[in-house]
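Just so it is clear: chains get the letters A, B, ... in the order the sequence lines come, proteins before strands, and each one is counted from 1.
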Amino acid sequence: MDISHLVDKLNDAQRQAVTAPIGPALVLAGAGSGKTRVLTHRVAWLVEVENVSPQSIMAVTFTNKAAAEMRARIEHMLQLPTAPLWIGTFHGIAHRLLRIHWREAKLPQSFQIMDADDQQRTVKKVLKALNLDEERWVPKEVVWFINAQKDAGLRPNNLKSEGDFNREQMIKLYAAYQDACERGGMVDFAELLLRVFELLRDNLDLQAHYRRRFQHVLVDEFQDTNAIQYQWLRLLAGPEGNPFVVGDDDQSIYAWRGAKVGNLLQFQKDYSRLKVFRLEQNYRSSGNILKAANKLIENNSGRMGKNLWTQGNEGELIKLYSAYNERDESDFVVNRIRHWIDKGGKRSECAILYRSNAQSRVFEEAMISARMPYKVYGGLRFFERQEIKDALAYLRLVHNRGDDTSFERVVNLPTRGIGQRTMEIVRDYARANACTLWNAAGANMQALGSKGGIALHGFMLMIEKMEQAIRELPLHEQVDHVIAHSGLLTHYRNDKNGGEARIENLEELVSAARGFNADNTNAAEAGEMTPLAAFLSHAVLESGEGQANDGEDCVQMMTLHTAKGLEFPMVFLCGMEENLFPHSRSVNEPSGLEEERRLCYVGITRAMKHLFISYAESRRLHGMDSHHSPSRFIREIPSELLEEIRPRIQVSRPVYTSGYASSSANGYSSSRSSKMVEDTPNGIKLGQRVRHGKYGEGVVLKFEGDGSHARVEVRFERQGTKWLMLAMAKLETI
DNA sequence: AAATCAACGCTTTTT
DNA sequence: GCGTTGATTT
């Protein structure tokens, strides 16, 4: 048999992992060492060489994106339909199992998944029902407690108060919250995993069935698994199974949400037959970048040990830029990107990475004034937008009357005379009779005032009518109908601020429904879900990234966390300052600091050829000017790998704020003596209005260099800001 | 029920 | 400093 296509393009280490005899395996894969390649080739190897049935393979990832990518690559390799393989996220696969086994899992068939927002609302509702003060029991913290317990695989009755009143109350809240979820047939994200775990643990028939079926479970990004995910995996694979996991302890950056790097070690203990493979050859970054990453990460303790190397050349040094302030930093980045574009590079090859989302703002402003297309990743996702959630709530209510969260959300949206008074009566009744809000509203008509009662009746009638009306329609028309007939559309049309964008999003929801292929999702295949039901689950599980790719070549902006798994020819690591990165809330604990360092490691290893590190000596943060020293991580990179760049002989400075400008000269230039020069030879000053033959009128923002190399930056009214050679441009002062 | 105001808080994020 | 959220006002 010809297996060359499976192994030809692999290096030794990769090949050993891919062709390992069937059995448990751990692949420690450094950044850029081809771990996805190993994973996909392993699947192909199992199918083509070991004659494993695709049906008995499950591949688990953390994000939908990774799952889709893996499926595409496997499909490409196998040249076979990949439907029989289970490929998905932990949550997606758990969901699929629960849709099949809802009865055994003691769930209503119509159970709904709640997102973080729904969860918080439910907690607030519970707090209110128990008459507890939200100041004392902060909903966010309660949610956090509940999720942490579920992530650890613990139910309220597994928990002890340990004489701690606070904890005791939290446990009670957890129990009350769980009751509320059960009543409404709601399942939160952590519950998906916990339910499936319990299902397999307590139902030995099912356990045996799935162990027999899935002899080959493969896991990507194993270092990000939390306690319940690992227990889930062990239960599914069983002691005789052959889990094949890939991970990198140095890229564990999610401990703060429950990921346990320790699972890597535990895995080695739990499977004595385990074979360990190390992938250390890096195909992404040039030598200097790798050296920097290796040296940095050496400062962490308790690593499994790994040293990345490359056959490629050293490449450039890492450029270090010390900016005067955050504006200067963003200007610097924009200029370097512009330079890159001028030399024929793409904007999408450039990534601006930062520690926290708030930092994107300054860069966005700089990009806008430079007319440079950009895209910021993160922030509000499509399915998390208010108007989308409103529409989905209507759809959910149409699909399932028992969905209290949705009921609460839209009962008075748009306002239809069902105020707090009316709802309080309904809620009380529901609480007293342990029934859903819908049933309470239906049963309790006489207790309501006539006004509220009639309005409520009208609302319920509307929902019923919508269900009738859409019964025979294709999915996207169902969505369209509900948006129009619920009154949402008119409501947002009348909203003067921001309403237009909302309408557009609602229209986008209709086209998302049109493009939604229920057959593609794991859920639909599992049971007789209606397309609507499948779409609703899809909407919660899949946050709606990847739709708005309009194809324009854009500079990429995102947090370091978001950048994991990606690579770019040119990377800017910005805001490298103490208290920002490492973040002030992480520096006190050694484990927190080490996670920050791993985050920095992730950032450095995103870069293929050009890496820029920058920090600002002064930065406006939370409305205050603060001065931070350069990040300790810069010092941990050997200085011979760094090249400080000071492109400006002149200090660029804000034009209109004069008091500010004078301090900049002292604060900034350290090595070279730079005298402040106010005038250019032509008598052009900063802030001077000028006229250009082609670009029209503008204002001089900066200038650099002297003699024949003198350049000025001018902001033109119509053409944006441009750098001009003074000797060539023939500027006329106005 | 809409509009306006004060208070808060401010890492990282997927599902 | 800004955006969100809850409370208060009309």
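- One interatomic measurement links the two molecules: OH of A:Tyr601 to C1' of B:dT12, which rounds to 20 Å at whole-angstrom precision.
- Atom CD in A:Gln120 sits about 9 Å away from atom P in C:dT5, given to the nearest Å.
- OP1 or OP2 of B:dT12 has not a single side-chain nitrogen or oxygen of A:Ser586 nearer than 4.0 Å.
- Residue A:His561 places its side chain closer to B:dT13 than to any other of B:dT13, B:dT15, B:dA2.
- Heavy atoms of A:Asp224 sit nowhere under 4.0 angstrom from any nucleic acid atom.
- In the interface, the side chain of A:Arg257 is paired with the base of B:dT13 through a donor and an acceptor atom under 3.5 Å apart.
- Spacing of C1' atoms, B:dT12 relative to C:dT5, comes out at 23 Å, to the nearest Å.
- For A:Asn412, taking side-chain heavy atoms from C-beta onward, the closest of the listed nucleotides B:dT15, B:dA1, B:dT12 is B:dA1.
- Neither OP1 nor OP2 of B:dC10 sits under 4.0 Å from any side-chain N or O of A:Asn357.
- When the side-chain nitrogen and oxygen atoms of A:Arg416 are compared with OP1 and OP2 of B:dA1, none of them lie within a distance under 4.0 Å.
- Atom pair A:Leu580:CG and B:dC10:C1' shows a separation of 12 Å (rounding to whole Å applied).
- The distance between atom CG of A:Leu353 and atom C1' of B:dT12, rounded to the nearest whole Å, is 13 Å.
- Defined by atom type and a distance below 3.5 Å, a donor-acceptor pair is missing between the side-chain atoms of A:Asn263 and A:Gln229.
- Checking A:Ser356 against A:Leu192, the closest nucleotide of DNA chain B that is more toward the 5' end is the one next to A:Ser356.
- Residues A:Cys574 and A:Ile352 approach most closely at SG-CG2, 3.9 Å, considering heavy atoms.
- Rounded to an integer number of Å, the gap from CZ of A:Arg385 to P of C:dT4 is 11 Å.
- Classified by its glycosidic torsion, B:dT12 falls in the anti category, the angle being over 90° from 0.
- Between A:Tyr254 and A:His561, the ring planes are tilted. Angles from 30° to 60° get that label.
- Closest to the side chain of A:Arg355, from the set B:dT12, C:dC2, B:dT15, is B:dT12.
- When each of A:Thr63 and A:Leu599 is assigned the nucleotide of DNA chain B bearing its nearest heavy atom, the one mapping closer to the 5' terminus is A:Leu599.
- Straight-line distance from the CD atom of A:Glu134 to the P atom of C:dA7: 8 Å, rounded to whole Å.
- Aromatic ring pairs are classed by plane angle as parallel below 30°, tilted from 30° to 60° and perpendicular above 60°; the pair A:His101 and A:Tyr210 is perpendicular.
- Atom C1' of nucleotide B:dT11 and atom CZ of A:Arg585 are separated by 7 Å, given to the nearest angstrom.
- One finds a side-chain N or O of A:Lys124 lying less than 4.0 angstrom from the OP1 or OP2 phosphate oxygen of C:dG6.
- In this structure, A:Thr562 reaches the B:dT13 phosphate: one of its side-chain N or O atoms is under 4.0 Å from OP1 or OP2.
- Here A:Trp256 counts as stacked on B:dT12: its ring centre is under 5.5 angstrom from the base ring centre and the planes meet at under 30°.
- Taking atom OH on A:Tyr354 and atom C1' on B:dT12, their separation rounds to 12 Å, with Å as the unit.
- Between A:His583 and B:dT11 there is a side-chain polar atom (N or O) within less than 4.0 angstrom of OP1 or OP2.
- Checked for salt-bridge contact, A:Glu408 and A:Arg121 miss the test: no charged N lies under 4.0 Å from a carboxylate O.
- Using a 4.0 Å heavy-atom distance criterion, A:Glu596 is classed as a base contact.
- Of the listed nucleotides (B:dT13, C:dG1, B:dT15), C:dG1 has the atom at the smallest distance from the side chain of A:Arg620.
- Judged as a side-chain contact (heavy atoms from CB on, under 4.5 Å), and not counting sequence neighbours, the contacts of A:Ala237 are A:Pro243, A:Tyr271.
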